[in-house]
Amino acid sequence: MEVDNPQPSNQITLPPKPNFQPLKAHEISSGEVQFRKVSVPPHRYTPLKKAWMEIYTPIYEQMKIDIRMNLKGRKVELKTRRDTPDISNLQKCADFVHAFMLGFDICDALALLRLDELYVESFEIKDVKTLRGEHLSRAIGRLSGKGGKTKFAIENSTKTRIVIADTKIHILGSFANIKVARDSLCSLILGSPAGKVYSKLRAVAARMADRF
């Protein structure tokens, strides 16, 4: 008497996919108040006092984040509220305040509150090339150009904003645009003449325009 051996089934039954409801801001943070602190450098203390209402208004009224200045600790303190629509607003506001502390204009730094794909990248001249004395001074001069002409040309071509603070360089923009601006600045630091950098910028700007 022959017994038929049942063939094992190759079909695997998968469990049903879970269906999660969107989380609210207070649920993401486990109901706890979230904090951020941004240090205020000594040289930015007076500009902060003058521009306080321009910083306070969009953060408190539009982003629904509480903000205050801790005079003792010299820090700007931010925290979420019960009516904060999105927990990510806290980090956006912290990035906005930090960008102002780095030296960006408020009208430029406000873009960090409105757009998600923007961020700030910082580096030092010594990260590119070790320069001292007059060589360092000349490199900083090449970055700015006469009357800031070179810096403005890079900003306008790459749709970024650049702050040159002594030997530190801060760039505000999207990832691709920051890369182009950083490459141009690095070429200037390494000794390339401004005319050669302008030519490369025009070629890159034309390629970027063709993509859109």
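It should be emphasised that the depicted structure is a prediction, and the values quoted were computed from it without experimental measurement. We're numbering straight along the sequence, starting at 1.
- The nearest pair of heavy atoms linking Tyr60 to Arg81 is O-NH1, 3.0 Å.
- The two residues Lys75 and Met69 have their closest heavy-atom pair at O-SD, 3.6 Å.
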Quiz item: Going through the distances and angles, do Ile65 and Thr80 end up as a side chain to side chain contact (heavy atoms under 4.5 Å, CB included)?
Solution: CA-CA 5 Å; Ile65 296 290; Thr80 55; 4.2 Å; yes
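- Annotation for Arg138: atom CZ counts as buried by contact number, over 12 foreign heavy atoms lying within 6.0 Å.
- Val163 and Tyr45 are assigned to two separate hydrophobic clusters, defined by single-linkage of ILVMFWY side chains at heavy-atom distances under 4.5 Å.
- Side-chain atoms of Gln62 and Leu113, non-hydrogen and from C-beta on, never get closer than 4.5 Å to each other.
- Hydrophobic clustering of Ile, Leu, Val, Met, Phe, Trp and Tyr side chains at less than 4.5 Å, counting indirect connections, keeps Tyr119 apart from Leu110.
- By the 4.5 Å heavy-atom criterion applied to side chains, Leu172 and Leu112 are counted as neighbours.
- Taking every heavy atom of both residues into account, Ile154 and Ser184 meet most closely at CD1-CB, 4.1 Å.
- With hydrogens and angles disregarded, a donor-acceptor distance shorter than 3.5 Å links the side chain of Asn70 to the backbone of Lys72.
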Which donor-acceptor pairs under 3.5 Å do the side chains of residues 48-59 make with protein atoms, sequence neighbours left out?
{"unit_1": "Thr57", "atom_1": "OG1", "unit_2": "Met53", "atom_2": "O", "d": "2.7"}

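- Residue Ile178 is grouped with residue Ile169 when hydrophobic side chains (ILVMFWY) are merged at heavy-atom distances under 4.5 angstrom, including chains of intermediate members.
- Tested against Glu121, the residues Arg161, Arg182, Lys168, Lys179 include a single salt bridge (Lys or Arg N to Asp or Glu O under 4.0 Å) partner, Arg182.
- Summarising the geometry, atom CD1 belonging to Ile171 is positioned 5.5 Å from atom CD1 belonging to Ile162; distances are rounded to the nearest 0.5 Å.
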Quiz item: Checking side chain to side chain contact (heavy atoms under 4.5 Å, CB included) for the pair Glu124/Asp127: CA distance, chi angles, key distance, verdict?
Solution: CA-CA 5 Å; Glu124 294 191 47; Asp127 297 334; 3.8 Å; yes
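- Hydrophobic clustering (side-chain heavy atoms under 4.5 Å, transitive across Ile, Leu, Val, Met, Phe, Trp, Tyr) keeps Val38 apart from Val120.
- In this structure a side-chain-to-backbone donor-acceptor pair under 3.5 Å is missing from Ser122 to His170.
- At distances below 3.5 Å, not a single donor-acceptor pair connects side-chain atoms of Glu77 with backbone N or O atoms of Phe35.
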Donor-acceptor pairs under 3.5 angstrom involving side-chain atoms of residues 188-203: please list them, not counting sequence neighbours.
{"unit_1": "Ser192", "atom_1": "OG", "unit_2": "Ser187", "atom_2": "O", "d": "3.3"}
{"unit_1": "Tyr198", "atom_1": "OH", "unit_2": "Thr150", "atom_2": "OG1", "d": "3.2"}
{"unit_1": "Ser199", "atom_1": "OG", "unit_2": "Gly195", "atom_2": "O", "d": "3.1"}

Using atom types as modelled, flag every donor-acceptor pair under 3.5 Å from a side chain in residues 89-102 to any protein atom, sequence neighbours excluded.
{"unit_1": "Asn89", "atom_1": "ND2", "unit_2": "Met63", "atom_2": "O", "d": "3.2"}
{"unit_1": "Gln91", "atom_1": "OE1", "unit_2": "Arg36", "atom_2": "NE", "d": "2.8"}
{"unit_1": "Gln91", "atom_1": "OE1", "unit_2": "Arg36", "atom_2": "NH2", "d": "3.4"}
{"unit_1": "Gln91", "atom_1": "NE2", "unit_2": "Asp95", "atom_2": "OD1", "d": "3.0"}
{"unit_1": "Lys92", "atom_1": "NZ", "unit_2": "Asp116", "atom_2": "OD1", "d": "2.7"}

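- For Asp86 (side chain) and Ser88 (main-chain N/O), a donor-acceptor pair under 3.5 Å exists by modelled atom type.
- Atom CG of Leu185 sits about 9.5 Å away from atom CD1 of Ile125, to the nearest 0.5 Å.
- Rounding to the nearest 0.5 angstrom, the gap separating the CD1 atom in Ile164 from the NZ atom in Lys151 is 6.0 Å.
- Under the 4.5 Å side-chain heavy-atom criterion for Ile, Leu, Val, Met, Phe, Trp and Tyr, Leu118 and Ile106 are members of distinct hydrophobic clusters.
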